[in-house]
Every structure is written in structure tokens, then in C-alpha cells.
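Note that the numbering runs from 1 along the sequence shown for the chain.
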Amino acid sequence: MITWTLTLQRGRHIVFAALAASLLAGCASFESDKKADPVDLNNPTDASEAAPSFGKADQSPGFFRMKLGDYTVTSLYDGYVELNGKLFKGRPTATIANLLKQSRQTQSIYTSINAFLLDTGKQVVLIDAGGSAALSGSMGKLLSSLKMSGYEPEDVSVIFLTHLHPDHIGALAQDGKMTFPNAHLYVSEAEAAHWLAPSRNSGELPYFQGTQQAISPYQQASRFHTLPSSNRTPVAGVQAVNLPGHTPGHLAYRVSSGNESLLFWGDVVHNFVLQFSDPAIYIDFDQDSKKARISRTKILQDAQKSGEWIAGAHMPFPGIGQVLAAGKNSYRWLPIDYSRTLNGYPKEAQPEKK
């Protein structure tokens, strides 16, 4: 069993998992041991035959699609984690508690774990890889969601990671083998230097060991790559955006197609109620809270001005929407309209570029 421990500021530790057997022991899914058959989205019979893998206690299959210019973006639901409200800092405890109360959230905050699939017509790109069972039994649905959305792991040719925390790399490997055998894996140089340095691989640092084990199969297959500090990536229409603070090499990815763009912003925001109301509020998982605050403040300002789409790993599923101004330094979340997602937004409904 791997126990994932994240070293935080001031020497504190958060134990991420004690219930999971191992990140590499296999990805948890809606099914017990059965592998889901491929789904033909144009054949209702196939879909109904796959349905028994979801019980009466489950929601509908965890995927959601939208058109972005000529591309298709699919949100993939991996599950959720309960975050203690006390993890959020930067303002008095009473202020944070009051913000949660106003939004009718308790101190135990249910937080989505989302990954995203980008289909350009030529490449299938996965952005982040969920948490598997590395954090809790409430995660590990990414592969089930992927298959129910009509894709197979073999279809993925590129994986972009925003950072190397375990809730973003959980489905990368199973039993020491690549879950996505045809994919090339990318992360920022700064992120790789921090988490994958050989000096980190010691018995006292199980968290780093788990990260290295998840990445190792791709390294051995010469399919692991680092992105330099420039914003270029190997996928047309995709740019990397440096947003350090949560981790040293945290990246966002901006996808542009036609007249539309979408920013996959990773862990810039962990709770929109708190951090949209006051971007100065941070979470203890931020390794450098000052840099994280600067990144969050800038990206919220930019998103509100540009009107571009945002996809967040911890925004309420499907995690896609837009940022609107609520005050001088506060914002609100406008979730995507389900009825328009595959038809595209008419030009008159798109925000005016400023």
C-alpha cells in the first residue's frame, strides 16, 4: 500500500490516502472487475447493454461534451473528494466559514475531480488523469467515464498534465504499465525537476515515490517529455500557460479553434465560492501561497475580460463555464448551457472581446 503524503508549508503533512491499495494496483471504476465494452454513440442498443455497470445509486455516466470551434471537448468525471473547510486560509476563519454558510456549503466540501479530453479530429488529447483510488474510494471513475464517452485508452495520443499531484495522475499506469499505451506524456520542466529528481526517491518520501512510479512506464518507453518555459506544445492550437504557485511548475493549457478559446486551468481554484469571492483565499495544498494568489488573481481578471471558456479540475462537474465580474475584486461562475454545447454558441451570444 502506498500512503501519499504531501509536505506543506510550515512542516505540516496531509495524508492523502490510506484506503487505496496502490496507485498502480489498478484504476477503480464503476464496475467491479468487468471491463466495459466500447460504446457506439449512434447505436442505442450498445448504450443500453453497457448501462448495467451503473447502479441505482449512481449518477448518469460521467462525461459531458461541447464544441469548441472545429474541436470537441469532453469533460470526464473521475469522482470527488471531501475537503475540510479549515484547509482554506488567507482570511479569518470566521470570514471563510461565513462565505461557506452563505452558499449553503458545510465545512466538509464536496469537490469534483475532473479531467478533459480534446479531440482535434487528428489527435485525441487527455488533460490530466484523475485520482484513481490513490486518494479515496470516491474517485477512480475516469476510465469508465472515458469508455462511456465512446473513447478507449488506446485512442489517446497525447497527455498534458497541469501538475503532478496524485489527483491528476491517478489513471496513468496500472500494474507498472501505461494505461494509455499510444500516448506521449507532457509536463513542465519545472514540475518534472521538482517531483522526479532522483534525490526524491527515498523511503522517507512515499509521495514522491508514488509520483515517480506513475510516470516511470512512460519514461521507460521514451514517451515522457518536458515542456520548456515557452508556451509551445506539440499540438496545433494548444498553448501552455505558466501559472506557478500551487506547485512549482503548474501549467494551464489554452486551446484555440475558430473564434473560440478555452483555458484548462488545473488547480488555480479549488472552491469557486470562496476563491471567486476573494482570490486571496488559498488552500493549504498550495506550495507557494503568494505565487498561487498572484496566478489566480491574474487569470480571473483575464478570464473575465476576455470571456473565454474555462475548464477547471475542481469546478463543479462538468467544470466548464465562464468568469463574470461580481465586484471590483470578486467574480461569479457562469456554467455552460447544456442545450447549446454541441451546437456551438451563436456569435451574438459570445462575449465581446475587450
Side-chain angles (χ1 to χ4, degrees), residues 2 4-6 14 16-17 20 22-24 27-28 62 74-81 83 111-118 125-136 138-143 145-146 153 156 158-174 178-180 183-188 190-192 194-196 207-218 224-227 233 240-253 263-271 283 285-287 292 295 310-315 317-319:
I2 293 179
W4 293 77
T5 306
L6 173 59
I14 297 287
F16 272 132
S22 168
L23 174 64
L24 305 179
C27 178
T74 303
S75 297
L76 299 172
Y77 184 64
D78 182 67
Y80 68 90
V81 63
L83 295 178
T111 304
S112 290
I113 307 294
N114 308 317
F116 301 92
L117 203 68
L118 173 68
V125 180
L126 180 65
I127 300 174
D128 285 334
S132 182
L135 302 185
S136 80
S138 62
M139 299 183 191
K141 299 176 175 64
L142 185 140
L143 291 182
S145 297
L146 177 75
V156 177
V158 174
I159 302 172
F160 288 133
L161 298 177
T162 58
H163 61 298
L164 293 178
H165 278 169
D167 56 325
H168 295 257
I169 63 174
L172 287 180
Q174 298 182 87
M178 296 184 296
T179 305
F180 306 94
H184 287 265
L185 180 64
Y186 294 85
V187 69
S188 75
E191 194 74 357
H194 180 76
W195 298 108
L196 303 179
Y207 179 79
F208 293 97
Q209 286 182 327
T211 302
Q212 292 174 3
Q213 289 173 30
I215 301 298
S216 178
Y218 297 85
F224 176 76
H225 314 276
T226 57
L227 294 169
T233 77
V241 180
N242 293 306
L243 292 175
H246 181 58
T247 61
H250 183 281
L251 290 180
Y253 295 94
L263 183 72
F264 299 93
W265 73 11
D267 280 13
V268 168
V269 170
H270 286 81
N271 182 272
I283 192 168
F285 301 147
D286 291 338
Q287 289 183 252
S295 292
I310 297 296
H314 300 301
M315 301 299 289
F317 185 79

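- Under the 4.5 Å side-chain criterion, counting only non-hydrogen atoms from C-beta, M139 is in contact with V81.
- At distances below 3.5 Å, not a single donor-acceptor pair connects side-chain atoms of T226 with backbone N or O atoms of V187.
- Of the possible polar contacts, none joining the S295 side chain to the G245 backbone as a donor-acceptor pair under 3.5 Å is found.
- In this structure, V268 and H250 have side chains that are in contact, with non-hydrogen atoms separated by less than 4.5 Å.
- Proximity of F180 to L146: side-chain heavy atoms (C-beta onward) are separated by under 4.5 Å at one or more points.
- For the pair I169 and L161, the minimum side-chain heavy-atom distance is below 4.5 Å.
- The shortest side-chain heavy-atom distance between L76 and L143 does not fall under the 4.5 Å cut-off.
- In this structure, the ring of H246 has its center no less than 6.0 angstrom from the ring center of W265.
- Judged as a ring-ring contact (aromatic ring centres under 6.0 Å, His included), and not counting sequence neighbours, the contacts of F160 are Y186, Y253.
- Judged by distance alone, with hydrogens and angles left aside, the side-chain atoms of T179 form a donor-acceptor pair with the main-chain N or O of A171 at under 3.5 Å.
- A side-chain N or O of Q287 and one of H194 form a donor-acceptor pair less than 3.5 Å apart.
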### Task
Could you go through the side chain to side chain contact (heavy atoms under 4.5 Å, CB included) check for D128 and D167 one step at a time?
CA-CA 9 Å; D128 285 334; D167 56 325; over 6 Å; no

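- Put simply, the side chain of E191 gets close to the backbone of L164: a donor and an acceptor are under 3.5 Å apart.
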### Message
Apply side chain to side chain contact (heavy atoms under 4.5 Å, CB included) to residues L126 and V158 and explain how you reach the verdict.
### Response
CA-CA 6 Å; L126 180 65; V158 174; over 6 Å; no

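- In terms of modelled atom types and a separation under 3.5 Å, the side chain of Y218 and the main chain of A183 share no donor-acceptor contact.
- Under 3.5 Å, the side chains of H270 and D286 contain no donor-acceptor pair of N or O atoms.
- Not counting sequence neighbours, the partners of S216 by the side-chain hydrogen bond (donor to acceptor under 3.5 Å, both in side chains) test are Q220.
- In this structure, the side chains of L83 and I283 come closer than 4.5 Å at one or more pairs of heavy atoms.
- A 4.5 Å side-chain heavy-atom check between V125 and V156 finds every atom pair outside the cut-off.
- A donor-acceptor pair under 3.5 Å is absent between the side-chain atoms of D78 and the main chain of I113, judged by distance alone.
- Under a 3.5 Å cut-off, the side chain of T162 and the backbone N or O of A252 do not form any donor-acceptor pair.
- In this model, a donor atom of one side chain and an acceptor atom of the other lie less than 3.5 Å apart for H314 and D267.
- Proximity of Y80 to T111: side-chain heavy atoms (C-beta onward) are nowhere separated by under 4.5 Å.
- There is no side-chain donor-acceptor pair under 3.5 Å between S75 and N114.
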